[in-house]
Amino acid sequence: SSKPRENSECNHLVIAELQKLANAFRSTGDQWRAYGYEKAISAIKAYGSEITSYEEAVSIPGVGSKIAAKVSEFLASGHLRKVDEICGSERSQVVELFTKVWGVGPATAQSWFQQGFRTLEDLKANPNLTKQQKIGLKHFDDIQDRMPRQEVEQIAAVVETAALSIEPKLNVELCGSYRRGRTTCGDVDILITKQDNIHTDILPCLLQQLKESGFVTDDLVNIEVSRNQKKYLGICRLPGENQKHRRLDIFVVPESEYATALMHYTGSALFNRSIRLVAAHKGMSLSEHCLLAGVVREGKEMLNDGYIVPTPTEKSIFGLLGIEYRPPEEREH
Ligand code: DCP
Ligand code: MG
Ligand code: MN
């Protein structure tokens, strides 16, 4: 793959139109089609030159004939009929707005529209909001805003200092879009790796400290356990004037699962889907926990669970999958 660009000068008009369709599909619950569009958008962004024909569009891996036809329609008319058709209605605009609230999925957004809610103000009067949705609504503007890398570093420094005060041997690392080199980030994703000889339950201690200091302001998912990994999703704010509330995710994993967790939480989500597919085609299974070999599937069913292959580094995972190493900057799709 070629290097992704943050603000690709090329093809940005058609990308904007395709993104409208992707967002509309996602918010109506058509995840599969949204995924297809997002994959194609990501591929077009990474493609280095201005697309000038259907043939050129369809030659890009990740761009199928249907989306290439959209590109070609846009080249000819400067316009996509499908955008008018599916993004133009009040319903689709309202549903898309509602799904931007943290904790709101397509079904909920559509049922709220059905019930007559139209604006975020309307929602504040909705008696049926979950605790997460209330927080999402309260911090809607701050959470929508992407933050510069420097702020990600400042937030991570606060978390790292607190973590190391609990246990000095922890490894604290930034992942997510930050590690992929993006110039702005939607949240802060922090991976904490715990050596096997450390028995302290890090995450509750850490969160207690971060809440006492006023840094962590709200919980979205308060410590979710998945086997021997733990995750926390919440909201924090740097001290000082005019600081925005920011989304903070903390993942605590054992040393033995370090590389697979680092890879998973580095993403992107699109990249994770494609590399998991590569693993599946080779009789393996990749997750944030481990790489399994000798997996036997029949359709979606696992007939044989396989066995864990040690993966000390990200490079070893690529090697075991038989594909060339890709640095984080080249994992947009
Ligand atoms: N992830 C995934 N599948 C999802 C959500 C997340 O595989 N449905 C993985 C890949 C992501 C990583 O977790 O890169 C972090 O998730 P984020 O939602 O924080 O996404 P990013 O950090 O990539 O982007 P953003 O800047 O929007 O936070
Ligand atoms: Mg992130
Ligand atoms: Mn995140």
Side-chain angles (χ1 to χ4, degrees), residues 4 6-7 19 22-23 25-27 29 31-32 34-39 41-42 45-46 99-106 132 135-136 139-140 142-156 159 172-192 216 218-224 226 229-236 244-253 257-280 285-291 314 317 326-333:
E6 194 69 23
N7 293 307
Q19 190 66 57
N23 295 346
F25 289 133
R26 181 156 314 285
S27 63
Q31 304 301 338
W32 187 247
Y35 168 64
Y37 272 81
E38 262 149 26
K39 211 167 117 178
I41 289 164
S42 181
K45 278 186 184 163
T99 54
K100 287 185 181 150
V101 177
W102 209 93
V104 179
Q132 292 176 337
I135 297 166
H139 298 304
F140 184 82
D142 281 4
I143 295 177
Q144 285 303 302
D145 184 50
R146 296 180 69 83
M147 71 193 105
R149 293 176 67 78
Q150 194 207 348
E151 192 174 346
V152 176
E153 288 157 14
Q154 290 170 342
I155 288 170
V159 176
V172 182
E173 206 166 335
L174 269 167
C175 40
S177 51
Y178 179 88
R179 185 162 179 256
R180 298 199 311 277
R182 299 288 304 263
T183 55
T184 64
C185 302
D187 69 354
V188 180
D189 299 294
I190 298 178
L191 181 67
I192 299 181
V216 165
D218 303 87
D219 299 329
L220 288 167
V221 175
N222 196 2
I223 311 194
E224 193 175 86
S226 162
Q229 297 192 4
K230 287 189 178 173
K231 80 167 73 161
Y232 170 82
L233 314 183
I235 296 187
C236 69
K244 290 190 176 178
H245 286 86
R246 301 300 195 184
R247 282 270 302 103
L248 170 67
D249 293 342
I250 305 176
F251 315 103
V252 180
V253 308
E257 299 185 0
Y258 167 70
T260 48
L262 177 66
M263 187 149 160
H264 174 79
Y265 290 115
T266 296
S268 66
L270 281 176
F271 170 82
N272 288 349
R273 287 177 81 151
S274 24
I275 199 155
R276 282 171 188 212
L277 218 56
V278 170
S285 168
L286 179 65
S287 70
E288 61 270 45
H289 291 285
C290 61
L291 180 67
E314 280 187 329
I317 303 171
R326 275 159 71 178
E329 298 75 27
E330 292 171 24
R331 298 186 202 160
E332 286 308 319
H333 62 276

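By convention here, the first residue in the shown sequence is residue 1. Just follow the structure's listing: the first ligand is 1, and inside any ligand the first atom is 1.
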Requested in this report: Have a look at R180 and tell me which of E330, E329, E332 forms a side-chain hydrogen bond (donor to acceptor under 3.5 Å, both in side chains) with it.
Outcome: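 Of E330, E329, E332, side-chain hydrogen bond (donor to acceptor under 3.5 Å, both in side chains) with R180 is met by E332 alone.
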Report task. Would you tell me whether Q229 and E257 have side-chain atoms, one donor and one acceptor, within less than 3.5 Å of each other? Result ->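 Checked: Q229/E257 side chains pair up, N/O donor to acceptor below 3.5 Å.
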Query raised in the report: Going by atom types alone, do S177 and R182 pair a side-chain donor with an acceptor below 3.5 Å?
Result: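 Judged by distance alone, the side chains do not pair up.
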Looking at every heavy atom in both [X] and [Y], which two are closest together, and how far apart are they?
| X | Y | answer |
| --- | --- | --- |
| I155 | C236 | CG2-SG, 3.8 Å |
| D189 | G176 | OD2-CA, 3.5 Å |
| Y232 | I223 | CD1-N, 4.0 Å |
| I317 | M263 | CD1-SD, 3.7 Å |
| R331 | P327 | CG-O, 3.5 Å |

Query raised in the report: What class does the angle between the rings of F25 and Y37 fall in, given that below 30° is parallel, 30 to 60° is tilted and above 60° is perpendicular?
Result: tilted
Query raised in the report: What's within reach of the Mn ion (ligand 3), meaning protein N/O/S atoms under 2.8 Å?
Result: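 Only D187 OD2, D189 OD1, D249 OD2 fall inside 2.8 Å of the Mn ion (ligand 3).
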Query raised in the report: Quick one: ring pair (Phe, Tyr, Trp, His ring centres under 6.0 Å) partners of Y178, sequence neighbours excluded?
Result: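 With sequence neighbours excluded, Y178 shows a ring pair (Phe, Tyr, Trp, His ring centres under 6.0 Å) to no residue whatsoever.
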Query raised in the report: In a check of side chain to side chain contact (heavy atoms under 4.5 Å, CB included) between L248 and each of I235, I190, D187, which one passes?
Result: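 The residue from I235, I190, D187 that satisfies side chain to side chain contact (heavy atoms under 4.5 Å, CB included) with L248 turns out to be I190.
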Query raised in the report: Are the side chains of V188 and M147 in touch, meaning some heavy atoms are under 4.5 Å apart?
Result: yes
Query raised in the report: With no hydrogens and no angle check, is any side-chain donor or acceptor of R276 less than 3.5 Å from a backbone partner on S285?
Result: no
Query - Around the Mg ion (ligand 2), number of protein N/O/S atoms which are nearer than 2.8 Å - result: 2
Query raised in the report: Who's touching ligand 1 if we go heavy atoms under 4.0 Å?
Result: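 Correct list: R146, G176, S177, R180, C185, G186, D187, D189, H264, Y265, T266, G267, S268, A269, N272.
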